[in-house]
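Quick caveat: nothing in here was measured; it's all calculated off a predicted structure.
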Amino acid sequence: MALDARIPEGPIAHKWDNHKFDVKLVNPANRRRFKVIVVGTGLAGASAAASLAELGYQVEVHTFHDSPRRAHSIAAQGGINAAKNYRNDDDSVHRLFYDTVKGGDYRSREANVHRLAQVSVDIIDQCVAQGVPFAREYGGLLDNRSFGGAQVSRTFYARGQTGQQLLLGAYQALANQIQLGNVKLHNRSEMLDLVVKDGVAVGIVARNLMTGAVTSHSAHAVVLATGGYGNVFYLSTNAKASNVTAAWRAHKRGAYMANPCFTQIHPTCIPASDEFQSKLTLMSESLRNDGRIWVPKEFGDERPPGQIPEGDRDYYLERRYPAFGNLVPRDVASRASKREVDAGRGVGPLKNGVYLDFADAIDRLGRHVIEERYGNLFQMYERITGEDPYVVPMRIYPAVHYTMGGLWVDYNLMSNVPGLYVLGEANFSDHGANRLGASALMQGLADGYFVLPATIGDYLAPQLGSPPVTTDDPVFAETQRSVEDTISRFLSINGTRSVNWFHRELGKIIWDNCGMARSTESLEKAIAEIPALREEFWNDVRILGEGDTLNQSLEKAGRVADFLEFGELMCRDALHREESCGGHFRVEHQTEDGEALRNDDDFAYVAAWEYTGDHASPALHKEQLEFENVHLAQRSYK
Amino acid sequence: MKVTLTVWRQPGPSATGRFETYEVDEVSEDMSFLELFDVLNDRLIGKGEEPVAFDHDCREGICGSCSMMINGRPHGPELGTATCQLHMRKFQDGAKITVEPWRAASFPIVRDLVVDRSAFDRIVESGGYITAPTGSAPDGNLILIPKAVADSAMDAAQCIGCGACVAACPNGAANLFTAAKIMHLNLLPQGQPERWERVTNMVQTMERYFGSCTNHGECQTACPKEISIDFIALMNRDYIKAQFKQRRLASQRG
Amino acid sequence: MTKVSEAPKARLERPVHPAPKEGRRRPFIVEFYGSAVAKKWLMAVTGIMLMGFVFAHMVGNLKLYFGEKSLNQYAEWLKEIGEPILPRTGLLWILRFALLGAVVIHIVSAAQLTRMNRRARPDRYKAPRDYAAATFASRTMRWTGVIVALFVIYHLMDLTWGVGGAEWTSGEVYQNIINSFERWPIAIVYIVANLALGVHLYHGGWSMFQSLGWNNGKFNDWRRMFAIGFATIVVVGNVSMPLMVVTGVVN
């Protein structure tokens, strides 16, 4: 099947406006006849649900959290980009578009990215109107900072809690609609399958996590805003419950999974301290503005950092990238750290980190300035490691942070399954092979507030007069039975190992073989090991308790089972992509200096995988990427 | 390290619960308190016992899921810290630690240490928003907000909704949560049109679910974001004013 | 497993306090009093009235130290203020009724809020609590309040109605006080009750600012100072009287 991205005609700057004029509309009086299910209440889900309800659609929201406000968008620290040009530093929609395409290493769809840059401006206005307390200057105007190596100040922020504040804004808008009766909220309700009838998405099957009740829900359209799959690595900065289940079950029902190998590794996380480590904590990228990254030159230098003289230190980023120094993009900084640690120059008890040193900055600016800028981050670091970063350099190491890949969607954000829309991190569309800092929040809100509400009418309008397929339809009973069978199967295995053990094992396989650097050999190894682990899981996992109560092992079992399938596809995608780009680094494809080497001739496409019923042979569909407005160039940060 | 955990076990909302004691050894002091529970649970599963259910998610102190009463204090002994950010190095080797769920009539126990905090959502739904439908917003810089006001609103808006304030309050009151939610919006210029309506509705909803404030100050000490009870005073002031306000004249200054 | 159906009502949480009946509009005062925040506000307002009384009462009675004539004259003057526009003891009765009203509102609100709070946490913590901020004073308000209330009744019986057991003559305020306080168990009752009053004022004198919403970074530190100062002055003044009498310094 050919993938039609349905990119509108016309010059890039007019595509979105033209498209909005061309899409079919639903009359305001008719909107209440349409029912839409939104799964997930992060930035994308909550903003979409609220906006659709404001338009007049009947919305049903599912979140597996106890409250919509707890979705993992809440943990984003840094900020949100918008091409406002409040700083008079020559920012523009076109520049944000250009930076995003380039930063994504030319693997994103131009039209989508341009639209993202266009609506970024409206997002800020919308959030301010909702009462998001963005940082202000003394004159009362919005404050901006430059972020993640961008050359303009376009990042809006609310202390180190921008994600939290934006999510609360969207959640409050959602709460308003719940109060008005336009949205029906199902909390602690986890989507476990997509219901597809005659190739069209008609509803979902969900399990109430408190009572164990499995129920069917039907609608005219289903919107997935269920986040990324970073937890396939087990250790990541994602929240513990973040998972691929909703997206994966949709994939198994026909939706294509695009570019799953594009995962982002964030360079500044706190390294794992022991085998019990359950997750990694991100330290804001802004720390690299003042901190200097180094390792001892000598292998196995056991001296405490303070006693290692300047001459024995290797400030490897400054040495290798004199122009950008410590501020090189995330993927470059991450790989450089890995190189040092792999070479045996790592620091800390487990030799698994590099130093991020503020001594120079403290000498130059004074401790109070550093305190003002990073006080809360330093405090967080101290709390986690028990070390005082004002005295001892921080130890950092890269960790999985964001996943650019996801379900394939067209320009309208609809997947190849009609009626199934995918928003936010769960789709693949805007970040290519690497996401820029402060762009995830922008994309989630763009999709939810502005894109979906404008495009969903195009699908719904022709269905006027036809009610949604009812849950009495056999297709619902069938889907529900398969969900219930899986649950019963989990509970009946009664093996010897905990779900967590399998997750950790899978994480090790993926991190070692499909992490920051990938090779044919490592990927083939992973592809051999994962099915074996999967089989062991289905024979030996131990899930105690019942299905009709809160059962956290059971919940997690379903998620890990899906990761065990998804992980294999991710490795297969990484193996097929014979090039290095953005977060995907194949050791076979690098320049003489060890930089990523893209292959635009053969791989300037989106790899969309179709589930064929056999994990070993997914079908590949290609969406060729056309670059008409951005000139393809090799990134260089020397 | 080795610790003795006494944990509240309750199989379901209407079941009777009781304390169970577990010895956990080989505890690393770099572990977080929740990782201690991960280890405990893995060992329980190994022994064929059901693991302890507890709420957790982001494990970086911002989602507000974790909720444990540790040695008689919500989120444990460390000030300004959620359970997930509490590390074992804060405890002595051989420590005896008692853990029970939040207790309040409107936080019914779902299982073990998991409680249902949906009552907080009901409070927010009753008015914790600014009605600003998507699409109608003016430019963000058209509304000037003095830095001090934005900072103060942010101080309130930091609330993570964990419920420690209710858990800590001897009266089971939710005034700190509600005040933080109300004052975040009532301090901002955008929040003014709905200010009096908001405070009235949210306070009245809060009072249907929770107890009343008698100014102990336990809540601000328990709060992982150290939100000040000053906001409760501001909420009280706004609530009383709202009762006497002639709403049709609300747009007049003073 | 369940059949195909709409999601069941899985919400566990429900309001613990009854909602006001829909429909009929209730009079403003009933509506207002229905709220706990308003009750606390009323408790603060009535608390201020009672604090004013306690303070004036204490200052007036310090005339004890200026001799019999001074105190008795003051007592007589209390009956005369407001004359001639009001009849003799007119204003005094107005004040008495106002105080009685304040006491009733203060106590009834407190009792209703206590009930509300009990309902808000029917199951107490099973392990001991480790309070971090709540003070002895804040946690014993209802007990110190009860002690003070019972004491006030006895105090009225003793020195206003003359049925407290000591020899009592109307108008002979000074002598009545001496007669009463010379009994050491009664002096101790007075002292203990006033200490309880002090503890009550220590929390109440600060807490009322919160309940009234008087909050400003510029004077917040002074609120606690005020409460400490006020409680101390009242306690020292009031306790000194039975103490001086029972030790024989004043007779």
Top contributor to chain A interface from Gly135(B), Ser65(B), Ser28(B), Gly80(B) [non-hydrogen pairs under 4.5 Å] | Ser65(B)

Evaluate the salt bridge (charged side-chain N to carboxylate O under 4.0 Å, His left out) criterion for residues Arg504(A) and Asp42(B): first the C-alpha distance (whole Å), next the side-chain angles of each, then the deciding distance (0.1 Å), finally the verdict.
-> CA-CA 12 Å; Arg504(A) 244 189 326 250; Asp42(B) 256 6; 3.3 Å; yes

In terms of heavy-atom pairs under 4.5 Å, which option from Ser47(A), Pro453(A), Ala173(A), Ser273(A) contacts chain B the most?
-> Ser273(A)

Salt bridge (charged side-chain N to carboxylate O under 4.0 Å, His left out) assessment of Lys279(A) paired with Asp57(B) = CA-CA 10 Å; Lys279(A) 76 155 280 175; Asp57(B) 197 24; over 6 Å; no

Highest number of heavy-atom pairs under 4.5 Å with chain A: which of Ala132(B), Ala156(B), Ala153(B)?
-> Ala132(B)

Please flag which part of Val52(B) lies under 4.5 Å from any non-hydrogen atom of chain A: side chain, backbone, both or neither.
-> backbone

Taking Gln164(A) for its side chain and Ile62(B) for its backbone only, find out whether a donor-acceptor pair lies under 3.5 Å.
-> no

Would you mind checking if Asp55(B) and Lys240(A) are paired as a salt bridge, meaning a charged N to carboxylate O distance below 4.0 Å?
-> no

Select, from Asn551(A), Leu544(A), Asn176(A), Asn238(A), the one with the greatest count of heavy-atom pairs under 4.5 Å involving chain B.
-> Asn176(A)

Kindly indicate, with the supporting measurements, whether the criterion salt bridge (charged side-chain N to carboxylate O under 4.0 Å, His left out) is fulfilled by Asp143(A) and Lys147(B).
-> CA-CA 10 Å; Asp143(A) 196 12; Lys147(B) 187 172 187 307; over 6 Å; no

Is there a donor-acceptor pair under 3.5 Å between the side chain of Arg59(B) and the backbone N or O of Thr281(A)?
-> no

Engaged part of Leu34(B) at the chain A interface, taking heavy atoms whose separation is under 4.5 Å | neither

So, Arg542(A) side chain and Ile45(B) main chain: donor-acceptor pair closer than 3.5 Å or not?
-> yes

How about Glu49(B): does its CD atom have over 12 heavy atoms from other parts shown lying under 6.0 Å from it?
-> yes

Where on Leu280(A) is there a heavy atom nearer than 4.5 Å to chain B: the side chain, the backbone, both, or neither?
-> backbone

To the nearest 0.5 Å, how far apart are CD in Gln161(A) and CD in Gln158(B)?
-> 4.5 Å

Chain A interface, residue from Pro189(B), Ser136(B), Pro146(B), Ala53(B) that has the most non-hydrogen pairs under 4.5 Å = Ala53(B)

Toward chain A, the part of Ser32(B) with a non-hydrogen atom under 4.5 Å = neither

Where on Glu194(B) is there a heavy atom nearer than 4.5 Å to chain A: the side chain, the backbone, both, or neither?
-> neither

Report the option among Leu168(A), Ile384(A), Asp66(A), Asp274(A) that has the most heavy-atom pairs separated by less than 4.5 Å from atoms of chain B.
-> Ile384(A)

Could you state the interatomic distance from CG (Asp30(B)) to CD1 (Ile270(A)), rounded to the nearest 0.5 Å?
-> 11.0 Å

Do you know which of Arg188(A), Glu275(A), Gln379(A), Gln277(A) has the most heavy-atom pairs with chain B at a distance under 4.5 angstrom?
-> Arg188(A)

Distance in Å, Ile74(A) CD1 paired with Ile160(B) CD1, rounded so as to fall on 0.5 Å steps | 8.0 Å

When you measure from the side chain of Asn141(B) to the backbone N and O of Leu142(A), does any donor-acceptor pair fall under 3.5 Å?
-> yes

Please say whether more than 12 non-hydrogen atoms of neighbouring residues, nucleotides or ligands are located less than 6.0 Å from CG in Asp25(B).
-> yes

Can you tell which of Leu185(B), Asp139(B), Leu188(B) has the highest number of heavy-atom pairs within less than 4.5 Å of chain A?
-> Asp139(B)

Highest number of heavy-atom pairs under 4.5 Å with chain A: which of Gly161(B), Pro51(B), Gly46(B)?
-> Gly161(B)

Shortest non-hydrogen contact between Glu382(A) and Arg89(B), atoms and distance | O-NH1, 4.2 Å

Part of Lys181(B) within contact of chain A (heavy atom distance under 4.5 Å) | side chain

On a heavy-atom basis, the closest approach of Gln552(A) and Phe54(B) is NE2-O, 2.9 Å

Can you tell which part of Tyr171(A) gets under 4.5 Å to a heavy atom of chain B, answering side chain, backbone, both or neither?
-> side chain

Okay, Glu555(A) and chain B: the region with an atom under 4.5 Å from a heavy atom over there is neither

Between His72(A) and Cys63(B), is any pair of side-chain heavy atoms under 4.5 Å apart?
-> no

Minimum heavy-atom distance between Val110(B) and Met210(A), given as atom pair plus value = CG2-SD, 3.6 Å

Closest approach of Arg111(B) and Leu550(A), non-hydrogen atoms and distance?
-> NH1-O, 2.7 Å

Scored by heavy-atom pairs under 4.5 Å with chain B, the best of His65(A), Gln130(A), Gln165(A), Arg497(A) is Gln165(A)

Chain A shares the most heavy-atom pairs under 4.5 Å, among Ala157(B), Gly61(B), Gly12(B), with Ala157(B)

Smallest separation among heavy atoms of Gly128(B) and Gln172(A), with atom names = O-CG, 3.0 Å

Backbone N/O of Ser67(A) and side chain of Arg117(B): donor-acceptor pair under 3.5 Å = no

Value for CD1 (Ile178(A)) from CG (Asp121(B)), rounded to nearest 0.5 Å, stands at 7.0 Å

Is the side chain of Arg136(A) donor-acceptor paired with the backbone N or O of Ala150(B) at a distance under 3.5 Å, no angle test?
-> no

Which answer fits Lys47(B), side chain, backbone, both or neither, if we ask what part of it has an atom under 4.5 Å from a heavy atom of chain A?
-> backbone

Are any of the side-chain heavy atoms of Phe120(B) and Arg69(A) separated by less than 4.5 Å?
-> no

Tell me, side chain or backbone of Asn186(B) under 4.5 Å from chain A's heavy atoms, or both, or neither?
-> neither

Could you grab the distance from atom OG1 of Thr134(B) to atom CG of Asp125(A), nearest 0.5 Å is fine?
-> 12.0 Å

What is the distance from atom CG of Asn41(B) to atom OG of Ser553(A), rounded to the nearest 0.5 Å?
-> 7.0 Å

Search all heavy atoms of Val124(B) against all heavy atoms of Ala175(A) and return the closest pair with its distance.
-> CG1-CB, 3.9 Å

Heavy-atom proximity to chain B below 4.5 Å, by part of Thr496(A) = neither

Would you find a donor on one side and an acceptor on the other, under 3.5 Å apart, between the side chain of Glu35(B) and the backbone of Ser278(A)?
-> yes

Flag, side chain of Gln190(B) to backbone of Val128(A), donor-acceptor distance under 3.5 Å = yes

Most contact-rich option vs chain B, by heavy-atom pairs under 4.5 angstrom, among Ser242(A), Gly163(A), Ala129(A), Ala135(A), is Ala129(A)

By a 4.5 Å heavy-atom criterion (distance strictly below it), what part of Val149(B) contacts chain A: side chain, backbone, both, or neither?
-> neither

